[in-house]
Each structure stands twice: as C-alpha cells, then as structure tokens.
2 protein chains.
Amino acid sequence: MARTGRRPGTSSSREEILAAARSRFATDGYDGATIRGIAASAGVDPGLVRHYFGSKEHLFVESMEFPVDPAVMVKQLIGPGLDGAGERLVRFFLETWDAPDAPFVALLRSVTTNEQAAEMLRQFLTREVVGRVAASLDLDRPELRASLAASHLVGLAFVRYVVRLEPVASADRETLVAQVGPTIQRYFTADDGPWQ
Amino acid sequence: MARTGRRPGTSSSREEILAAARSRFATDGYDGATIRGIAASAGVDPGLVRHYFGSKEHLFVESMEFPVDPAVMVKQLIGPGLDGAGERLVRFFLETWDAPDAPFVALLRSVTTNEQAAEMLRQFLTREVVGRVAASLDLDRPELRASLAASHLVGLAFVRYVVRLEPVASADRETLVAQVGPTIQRYFTADDGPWQ
C-alpha cells in the first residue's frame, strides 16, 4: 500500500474514516461521495480506506451500520441460479432483521425524518441492490421486477418490526419464507399474465 | 339527539372533539379510547360526537387525517366479490396516496419516532383493516393473508413516496395495478402451493 507521508493506519483512523464517510455520504449523496474525498476528510491516504473497507459500497454499509451487505446478499441469492431465489431472499432478509439489535427502526426513522438520508438510501438501493438484482434477471423490465420485490420486503419488515401487526409480527420465519418466497420468485421469473 | 345541558355543537366543538380524540387515542390506544371518554375530554355530549363522526373508527380516521377510511375501502373492494379485489385494492390505495398532499410520509414518521403512534396504528389496522378483510376471506389463515397483503401495499407506498426508488416511483398507476394486483389477489384467494 502506498505511503504518502500521512499518518499510518491506527484503530482510531478506522473510526475517523467511518465518521468522515457518514458526513460525506450525507452531504454528497451515495453517488457523489468518493473514496478519495472521504480519505481527504479523514486526513488519510485513499489506499488506507481501501485497505480497511475495500469498496465504496462496503464503506457505506459499514458507516450506516447497514446490517446487510448487498454485494454478499446478491451473490448468495442469485449465484446458485434463479430457482428458489425468492425463498432464499426472504430467509436471508428475515434472518438479518430478526436479530435483536438490528437497526431497522432507526434506519426507517432517519429516512422518514431526513430528506438527505432518503436520497442517500435511494441512490444506494438503486445502484447496489436493484441494479445488481436486475442485472441477474433475464426478462423484460428487470428493474421494475427487482424494485417491486424490494417493496414487498421493506413492507414486510415495517409490518413485522415497526407496527408489529399480527400474525406477521409473531409468525415463525419459515412460515413467512413459505408464503412470501413464491411471491418474490414470481417477480423474478414469471413471464405470464401481467408480465407478458 | 339528546341535549344534556352542555353546550350545543358549534364548528369549534368539532375541532375540540378532534383534538380530544387525538389526545385520548395517543394516551389510551385505539382499543382503549371510547367515544364517551373523548366526549368528556372535549366537554360535549357523546351524542354530539356520534352526530359529527358516526363511529369511533371514523373519528380516528378524521383525527389522524388518515386518507383512507377502511370501512369505505373494504366495502368497495370486497363488496363486489373477491374476483379482481387485488387490482381494485392496489388502484384504490395508489389513488389515495398519489394525491399531492397525502400525509403518508408524516404518518410513517410519527410511527417510526413514536411508540404510542405505532401502537395506535397497530390496533387500528388489526381491528379495522386486517379484521375486516380477513372476515371476507373464505380460506385458511385469513389474518395472515390479509396482513401479508397489507405489508406489500405499505412497502409499495414506502418505496414510491419516501425512498422514491425507480422505476416504482415514476411508474404510472395502472402499471403498478397490473403488476401488484395479481400478487395481492393470490394472498386473498390462492389455495395451492404454500397455502395448501
């Protein structure tokens, strides 16, 4: 890794990079922020940011304490092929958010109270989630398919964790996987009915 | 309408009833609040509350500026039978929230920042929306069916109006009706696959 005379990495520079990232993502949006700009804000070399966090996408996930890394998620889900991807996606999503300290409510709160947060999330989801999933779909209107699937999952989480509407709130995970998985699967692979 | 010696209704008593209702719903929850208690808080006769607002459900809808009256919605949707109810529901829901001043973001914000608001919404949706729709469904697990349908619609609204994720944010209404309607319909009427 190149050294430029700036101070070498310490555990506190990792925290400073995360703080700088949160600030730059909020100011510049997900698309506008760059590893170089975040490194400059933190007073470190861009190589150190890449050393700790790899990609901008992963830095965003870490800085927002986002519990899902879409790069990992999409690879696990779509990698084995589209068969069963709907159920795998619902199971992965619920396993992540069912964790007792998952910051789903905090994330929703910041998005509904802060226009910058909504814009940042929009850019991130567009590029890293909808974009990746859509690229794996072989049918017409892949972005519409991917974003409708996303809308169902977000709503499922809202009803389960925020409003806690029964019986969804207490349903065991595999019940929801069995019921919602095929719906997501149809968004990914149906080419009959309205998708013709 | 009975007169009890309290002051007769004026346009300001209507506003006072709404203010008292907001306060009692927040304090006592949707289930715990009563027309009698709200009337007492407002210093009016319960008959006046019923005269202005009819039912507790309608008073809640008005006091929260909730853009949908579930009693009206469910009747329009399910009244003609379950055939096509999925598409009718998606169309009605989007027509309501597409209105430029629909307070969807404000509603979500209060639910994510305020535990009382979440509890109030939970009780209201359970009794007036999921309960009513489930009562119209003739198959196993009607509450699960109704609440999964609700979760998709809530998520659709979140993605369209709050995150404004494309292409859902700009899709014309009938495109979404055509794509999401059949999904909702399956939750209402499918009895194959996972619903066996």
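Scope of the values below: all heavy atoms of this structure, side chains included, with no hydrogens, waters or symmetry mates. Bear in mind the structure is a predicted one, so any value in this text is a computation, not a measurement. Every chain is numbered from 1, with letters handed out A, B, ... down the list of sequences.
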Select one option (side chain, backbone, both, neither) describing which atoms of [X] are under 4.5 Å from chain A's heavy atoms.
X      : answer
B:E115 : side chain
B:V168 : both
B:R141 : side chain

Would you say that more than 12 heavy atoms from the other residues, nucleotides or ligands in this model lie under 6.0 Å from the [atom1] of [X], or not?
X      : atom1 : answer
B:D172 : CG    : yes
A:R132 : CZ    : yes
A:R173 : CZ    : yes
A:R22  : CZ    : yes

Do B:L148 and A:V159 make a side-chain contact, defined as non-hydrogen atoms from C-beta onward lying under 4.5 Å apart?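 No, too far: nothing below the 4.5 Å cut-off.
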Quick one: what part of [X] sits under 4.5 Å from any heavy atom of chain B, side chain, backbone, both or neither?
X      : answer
A:V180 : both
A:Q123 : neither
A:P182 : side chain
A:L153 : neither
A:R164 : both

What are the two closest heavy atoms between B:A178 and A:P194, and how far apart are they?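 Shortest heavy-atom separation between B:A178 and A:P194 comes out as O-CB, 3.1 Å.
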Nearest non-hydrogen partners of A:L144 and B:Q179, listed with the distance: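 Taking every non-hydrogen atom into account, CD2-CG, 4.1 Å.
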Quick one: CZ on B:R122 to CD on A:E166, what's the gap to the nearest 0.5 Å?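 If we round to the nearest 0.5 Å, B:R122:CZ and A:E166:CD are 7.0 Å apart.
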Between OG on residue A:S147 and CG on residue B:L165, distance to nearest 0.5 Å: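 CG of B:L165 is found 5.5 Å from OG of A:S147.
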Less than 6.0 Å separating the ring centroids of B:F158 and A:H152?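 That pair fails the under 6.0 Å test.
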Between A:S151, A:P167, A:A117, who has the most heavy-atom pairs with chain B when the cutoff is under 4.5 Å?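 Looking at each option in turn, the highest pair count goes to A:S151.
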Closest-packed option against chain B by number of heavy-atom pairs under 4.5 Å, given A:T113, A:V154, A:T175, A:V163: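 Of the candidates given, the most pairs with chain B belong to A:V163.
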Donor + acceptor pair across side chains of A:T112, B:T112 (<3.5 Å):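 Judged by distance alone, the side chains do pair up.
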